[in-house]
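Everything on this sheet refers to the single structure shown next.
Only a predicted model underlies this, so the values are computations on that prediction, with no experimental measurement involved. As a basis for the values below, the full set of heavy atoms in this structure was taken, side chains included, without hydrogen atoms, waters or symmetry mates.
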Amino acid sequence: MFALSLRQRRRVLVADLISTAVFPLAITGATAIVPDVTAQLPGAGALGPWIVLAYNGLFAAALLLAGATADRTARTRFFAIGNIVVAVTGVLSALAPDLMSLVALRVVAGVGAAMCAAGGSSMILAVYPPDERRRVYGYAGAVLGSSLALGPVVAQALMAIGGWPLVFVAPAAVAGLAALATLGLPGLRSPEVPDNFDLAGAVLFGVTIAAAVTALGLGLGAGVPWWGPGVLVLAAAAGATGLVRVERRASDPAIPVDLLRIPAYRAYAVATGAFMGMLVVGLAALPQLGSAQSMGPGEAAVMLSLLTVPSTVLPLLAARLARRRARPLVTTALFACTVTALILQVTDQPAALLGAAGVIGLCLGLTEGVPDGQALKYVPSQRGGAGAALFSTTRMSLETLTLAAATGVMAALGPSSGMAVAGAVCLAAGVIVHQAVPLRDA
């Protein structure tokens with residue numbers, strides 16, 4: 001732990017919160033502008049989806065390497081550099097001359113975002129003691145929830161004001177503010193840093209995760225050649241095989257396997273992935289169900305608000321509840337999501353859809369940031385970046401897998417079946433948390 005003044009610790013927190021707000025907007029904004037960018041910039045139309053896939057894939061791939069590097073360097077400087085990378089690539093993306101250049105910039109931006117996420121978590125764990133982290137993650141959950149809820153609206157407003165380039169410039173400006181917020185702060189470099197570093201393991205892990213996440217994101221939809229996801233799956237399998245061999249020989253493995261052996265850490269990572277999977281599937285499936293029931297624009301807006309707004313106002317309350325009741329809070333929310341998804345299999349009337357959105361939104365809001373804080377209390381401060389990166393990688397992988405499975409099922413059986421997939425994942429996660437988290441942490 002680094003002994004900083006109260007003012008300095010608050011500045012660390014503010015810088016991390018500002019940076020946290022960038023990622024959801026970067027994702028939702030890029031997703032919204034793909035049709036416009038593909039139509040306006042020269043280049044093959046097949047590159048359009050890669051504006052999002054390249055960012056997501058490299059973010060997931062670089063997380064572990066970024067986390068391990070953050071723990072071995074000056075954390076504050078590493079975090080600031082990541083935000084500068086995001087800011088510069090955002091501005092250059094707005095000026096991209098063609099689709100190929102834009103996709104290349106999004107690759108670099110994904111790496112910068114991984115540096116921001118891992119560096120921010122490493123800073124927080126290095127300066128905030130365990131008894132204060134629940135409150136800190138409550139703030140982080142509020143910012144993340146607000147960004148997720150408001151991201152699509154903000155993206156549409158930015159497009160209306162300045163077109164698609166502004167959707168890249170706005171997050172870049174916010175990232176620049178996060179970098180400026182670190183000026184004058186100590187570097188937060190650990191005095192004892194291991195000399196050996198498993199670079200090969202970190203790179204192979206990144207290749208495996210990038211290939212797997214991108215393959216799932218690409219899917220087998222219309223216009224996607226069958227060999228695209230197939231090649232990525234083969235690359236993921238080859239990377240995983242090489243990773244196992246390298247990690248067996250490494251004296252200090254890149255993957256903090258010892259953390260994965262902690263049942264509570266592993267369980268809470270699965271829980272967060274299940275919650276995010278329910279959110280992204282709900283954002284896709286509920287509007288389709290509402291459209292099938294001739295739900296008007298006003299009702300649809302209310303439904304989406306019920307699903308997302310609680311995540312903007314409830315995380316601080318969630319942090320208070322988690323002090324003594326973390327496990328019951330998380331498991332109850334997961335099981336409630338499962339029951340709600342089950343109800344949608346037998347009725348899709350507008351009242352049922354509104355009720356389902358409200359229940360799921362409440363569950364997400366009351367658990368936003370809770371699993372993160374509970375899991376990371378098992379991580380030593382000197383390994384905060386690696387621990388947070390592995391947690392985020394697990395969450396993103398499960399979220400992407402849930403969305404991919406739900407999308408495939410919805411294409412065959414309809415939107416309500418997608419909710420069933422997300423509900424099944426929540427049920428499994430609830431059982432895992434209930435069995436893995438000890439009573440003293442409940």
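Closest of all the heavy-atom pairs between Tyr265 and Leu259 is CD2-O, 3.4 Å. Residues Ala87 and Gly176 share a closest heavy-atom pair of CB-N, 4.0 Å. Across Ala236 and Ala211, no two heavy atoms sit closer than the pair N-CB, 3.7 Å. Residues Val108 and Val85 approach most closely at O-CG1, 3.7 Å, considering heavy atoms. Taking every heavy atom of both residues into account, Asp372 and Phe391 meet most closely at OD2-CE2, 3.6 Å. When all heavy atoms of Pro415 and Leu289 are compared, the pair lying nearest together is CG-CD2, 3.5 Å.
Judged purely by atom type and a 3.5 angstrom limit, Thr272 uses its side chain to pair as donor or acceptor with the backbone of Tyr268. The backbone N or O of Gly423 sits less than 3.5 Å from a side-chain atom of Thr338, completing a donor-acceptor pair. A donor-acceptor pair under 3.5 Å is formed between the side chain of Arg11 and the backbone N or O of Leu183. Between the side chain of Arg75 and the backbone N or O of Gly119, no donor-acceptor pair lies under 3.5 Å. Without hydrogens or angle criteria, Arg106 side chain to Ile51 main chain gives a donor-acceptor distance under 3.5 Å. The closest donor-acceptor contact from the side chain of Ser291 to the backbone of Pro287 lies at 3.5 Å or more, if one exists at all. Judged by distance alone, with hydrogens and angles left aside, the side-chain atoms of Thr89 form a donor-acceptor pair with the main-chain N or O of Val86 at under 3.5 Å. With hydrogens and angles disregarded, a donor-acceptor distance shorter than 3.5 Å links the side chain of Thr182 to the backbone of Ala179. A donor-acceptor contact shorter than 3.5 Å is absent between the side chain of Thr332 and the backbone of Leu329. A side-chain donor-acceptor contact under 3.5 Å links Ser5 to the backbone of Gln8.
To the nearest 0.5 angstrom, Ile124 atom CD1 is 8.0 Å from Thr20 atom OG1. Summarising the geometry, atom CG belonging to Leu342 is positioned 13.0 Å from atom SG belonging to Cys337; distances are rounded to the nearest 0.5 Å. One distance of note links CG of Leu4 with CG of Leu188; it measures 5.5 Å at 0.5 Å rounding. In this structure, OG1 in Thr69 is found 9.0 Å from CG in Leu64, a value given to the nearest 0.5 Å. Rounding to the nearest 0.5 Å gives a distance of 6.0 Å between OG1 of Thr208 and CG of Leu204.
In this structure, Phe78 and Met115 have side chains that are in contact, with non-hydrogen atoms separated by less than 4.5 Å. At a threshold of 4.5 Å between non-hydrogen side-chain atoms, the residues Leu286 and Leu304 do not count as touching. Side-chain contact between Leu364 and Pro310 is absent, with no heavy-atom pair separated by less than 4.5 Å. Using a 4.5 Å cut-off on side-chain heavy atoms (C-beta onward), Leu279 and Leu307 make contact. Side-chain contact between Leu105 and Phe168 is absent, with no heavy-atom pair separated by less than 4.5 Å. Inter-residue side-chain proximity for Pro263 and Val437 is flagged as unmet; no heavy-atom pair is nearer than 4.5 Å. Within the 4.5 Å cutoff, no side-chain heavy atoms of Arg7 are placed close to those of Arg10. No side-chain heavy atom of Arg325 sits less than 4.5 Å from a side-chain heavy atom of Val330.
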**Message:** Applying side chain to side chain contact (heavy atoms under 4.5 Å, CB included) to Met419 and Gln345, what does each step give before you reach the verdict?
**Reply:** CA-CA 8 Å; Met419 297 298 293; Gln345 305 311 301; 4.3 Å; yes

**Request:** Assess whether side chain to side chain contact (heavy atoms under 4.5 Å, CB included) is satisfied between Ser19 and Phe79, documenting all intermediate values.
**Result:** CA-CA 9 Å; Ser19 181; Phe79 171 80; 3.6 Å; yes

**Request:** Before giving the answer on side chain to side chain contact (heavy atoms under 4.5 Å, CB included), spell out for Val281 and Val421 the whole-Å C-alpha distance, their side-chain angles and the decisive distance to 0.1 Å.
**Result:** CA-CA 9 Å; Val281 172; Val421 171; over 6 Å; no

**Message:** Walk me through whether Arg320 and Arg135 qualify under side chain to side chain contact (heavy atoms under 4.5 Å, CB included).
**Reply:** CA-CA 8 Å; Arg320 289 179 175 271; Arg135 176 174 55 86; over 6 Å; no

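When each of Val12, Leu13, Leu185 is checked for a side chain to side chain contact (heavy atoms under 4.5 Å, CB included) with Met123, only Val12 meets the rule.
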